[in-house]
> 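Dumping the structure here so I can ask a few things about it.
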Amino acid sequence: MPNWAPPTPTARPTWPTCPTGRRCWRCGRRGKSWADTADSGMALSFVLKGIELRQVAALPLCVGLAVSEALEEAAGCRAEIKWPNDLVVGGKKVCGILCEGVVGEETAAVCGIGINLTQTAEDFARRQLPHGGSLLSECGVRLAPRELAVQVLAHCDRRIEQFFARGLPSLLPAYRARSATLDRTVRVLWEGREAVGWAVDVGEDGSLLVEIDGRVVPVCSGEASVRGLYGYR
């Protein structure tokens, strides 16, 4: 079992948002980027200081759980977590989360959250994004970005404090209950390789445990990509 020692944060989260009326550029995993106008989505980020690098890999799971709870509260529809860093509603991706470690005078983590708010199904079809969705297209609600950001950060604050104090294992029961990946057939994509397996569980270090050819293999988010066999999940 990993030895989860709670770090001592030296700064509370801060959240710059996309300026109104401008195009907001976002960065995703593996260098992917995309752009939205300010009113169609909500993009925010915050910095956590005093965290250990070995804990950064598990942070997207913590933040994903918090944001899924915030979206359910704000939009009234259930947001499930696609391991490790996406939120889906009705099988459509409505939110992406990226947390990265920063090493300097002290170790920190930067977490970015992007939520699709008002895009329509036609918008995603035009962009050839069949697995994309928004809170409007999937939940039928229009939410103001700043009000939603307040709710998201409140839930993040609560779950991150729990993460600091008790480690990722204390969050896993709630995470598993919201998982869109567990108990499903998945494709694991390593560089140049692909394997099909069954998503068994999430490890205490945040890895996805996948049964492949009768053997349970831990899959780390920085090393491989996981896709559902019959869709985005």
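Just so it is clear, the structure is predicted and the values come from calculations on it, not from any experiment.
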> I want to check something: taking the side chain as every heavy atom from C-beta on, are Ser45 and Ile113 in contact at a cut-off of under 4.5 Å?
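In short, these two side chains do not touch, never coming nearer than 4.5 Å.
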> Test side-chain contact (heavy atoms from CB on, under 4.5 Å) on Gln55 and Phe164 and set out the steps.
CA-CA 9 Å; Gln55 295 175 307; Phe164 282 166; 5.6 Å; no
> Heavy-atom distance under 4.5 Å between the side chains of Leu148 and Val152, does that happen here?
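Side chain of Leu148 against side chain of Val152, heavy atoms only: contact under 4.5 Å found.
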> Taking side chain as C-beta onward, heavy atoms only, is Leu208 less than 4.5 Å from Val200?
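Of all side-chain heavy-atom pairs linking Val200 with Leu208, none is under 4.5 Å.
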> Nearest 0.5 Å please: distance from the CG atom of Leu48 over to the CZ atom of Phe163.
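The CZ atom of Phe163 is 9.0 Å from CG of Leu48, to the nearest 0.5 Å.
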> Output, in order, the C-alpha distance, side-chain angles, deciding distance and verdict of side-chain contact (heavy atoms from CB on, under 4.5 Å) for Lys82 and Lys93.
CA-CA 9 Å; Lys82 176 190 171 293; Lys93 177 180 176 179; over 6 Å; no
> Any sub-3.5 Å donor-acceptor pair from Asn116's side-chain atoms to Gly133's backbone N or O?
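Checked: pair present.
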> Do Val217 and Leu209 belong to the same hydrophobic cluster, where Ile, Leu, Val, Met, Phe, Trp and Tyr are linked whenever their side-chain heavy atoms lie under 4.5 Å apart, directly or via other members?
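Not linked; separate clusters.
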> Spell out, as yes or no, whether a donor-acceptor pair under 3.5 Å connects the side chain of Asp157 to the backbone of Ala154.
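Flag not set: sc Asp157 to bb Ala154 has no pair under 3.5 Å.
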> Where do Thr107 and Glu52 come nearest, in terms of heavy atoms and distance?
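For Thr107 and Glu52, the tightest heavy-atom pair comes out as CG2-C, 4.5 Å.
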> Mind checking the CD-CG spacing from Gln162 to Leu168? Nearest 0.5 Å is all I need.
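Interatomic distance, Gln162 CD to Leu168 CG, rounded to 0.5 Å: 9.5 Å.
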> When you compare the side chain of Ile81 with that of Ser179, does any pair of heavy atoms fall below 4.5 Å?
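They are not in contact (no side-chain heavy atoms under 4.5 Å apart), so the answer is no.
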> Is there a path of hydrophobic side-chain contacts, each under 4.5 Å between heavy atoms of I, L, V, M, F, W or Y residues, that connects Met42 with Val141?
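Shared cluster, yes.
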> Can you tell me if Thr185 uses its side chain to pair, donor with acceptor, with the backbone of Trp198 under 3.5 Å?
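Here the side-chain-to-backbone pair does not exist.
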> Going hydrophobic residue to hydrophobic residue with side-chain gaps under 4.5 angstrom, can you get from Leu153 over to Leu71?
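As far as the 4.5 Å side-chain criterion goes, Leu71 and Leu153 are connected within one cluster.
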> Taking all atoms of both residues into account, what is the closest heavy-atom pair of Cys77 and Val89, and its distance?
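Here Cys77 and Val89 meet closest at SG-CG1, 4.1 Å.
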> Going by heavy atoms in the side chains, are Val210 and Val186 under 4.5 Å from each other?
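The answer is yes, as the side chains (C-beta and beyond) meet within the 4.5 Å cut-off.
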> Stepwise, does the side-chain contact (heavy atoms from CB on, under 4.5 Å) test hold for His131 with Leu129?
CA-CA 6 Å; His131 303 302; Leu129 298 171; over 6 Å; no
> The criterion is disulfide bond (SG atoms under 2.5 Å apart); which residues satisfy it with Cys99, sequence neighbours excluded?
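Counting only residues at least two positions away or on another chain, Cys99 forms a disulfide bond (SG atoms under 2.5 Å apart) with Cys111.
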> Considering only heavy atoms from C-beta outward, does the side chain of Val150 approach that of Arg146 to under 4.5 Å?
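A side-chain contact is absent here, since even the closest heavy-atom pair is not under 4.5 Å.
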> Each residue besides Leu136 in its hydrophobic cluster should be listed here, by chain and number; the cluster joins Ile, Leu, Val, Met, Phe, Trp and Tyr at side-chain heavy-atom distances under 4.5 Å.
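Joined to Leu136, directly or through intermediates: none.
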> Taking all heavy atoms of Pro173 and all of Pro169, pick out the closest pair and write down the distance.
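So the two residues come closest at CD-O, 3.5 Å.
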> For Val196 and Ile212, what are the C-alpha separation, side-chain angles and deciding distance, and is it a side-chain contact (heavy atoms from CB on, under 4.5 Å)?
CA-CA 7 Å; Val196 175; Ile212 301 174; over 6 Å; no
> Under a 4.5 Å cut-off applied to non-hydrogen side-chain atoms, are Leu61 and Val63 in contact?
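The answer is no, as the side chains (C-beta and beyond) never meet within the 4.5 Å cut-off.
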> Where do Gly64 and Leu87 come nearest, in terms of heavy atoms and distance?
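It is O-CD2, 3.7 Å.
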> Quick one: pull up CD in Glu138 and CD in Gln119 and give me the separation to the nearest 0.5 Å.
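Here the rounded value is 11.0 Å.
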> Has the side chain of Arg184 got a donor or acceptor atom that lies under 3.5 Å from a matching backbone atom of Ala180?
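Yes, the answer is positive, given that a donor and an acceptor are paired below the 3.5 Å cut-off.
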> Could you work out, with disulfide bond (SG atoms under 2.5 Å apart) as the rule, every residue matching Cys156, not counting sequence neighbours?
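Testing Cys156 for disulfide bond (SG atoms under 2.5 Å apart), a comparison that skips the adjacent residues, returns none.
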> With rounding to the nearest 0.5 Å, note down the distance linking CD in Glu69 to CD in Glu72.
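It is 8.0 Å, given to the nearest 0.5 Å.
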> Going from SG on Cys62 to CZ on Arg159, what distance comes out if it is rounded to the nearest 0.5 angstrom?
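Cys62 atom SG to Arg159 atom CZ measures 8.0 Å (nearest 0.5 Å).
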> For Ser68 versus Leu65, what's the shortest heavy-atom pair and its separation?
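Heavy atoms of Ser68 and Leu65 come nearest at OG-O, 2.7 Å.
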> Is there side-chain contact between Arg176 and Asp201, with heavy atoms separated by less than 4.5 Å?
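Counting from C-beta outward, Arg176 and Asp201 do come under 4.5 Å.
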> If Ile, Leu, Val, Met, Phe, Trp and Tyr residues are connected whenever their side-chain heavy atoms lie under 4.5 Å apart, and connections chain through other members, are Val88 and Phe124 in the same group?
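No, separate clusters.
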> Quick one: CG on Leu182 to OH on Tyr175, what's the gap to the nearest 0.5 Å?
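Going from the CG atom of Leu182 to the OH atom of Tyr175 covers 7.5 Å.
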> Taking all non-hydrogen atoms of both residues into account, name the closest pair between Ile51 and Ala108 and its distance.
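Residues Ile51 and Ala108, closest heavy atoms: CG2-C, 3.9 Å.
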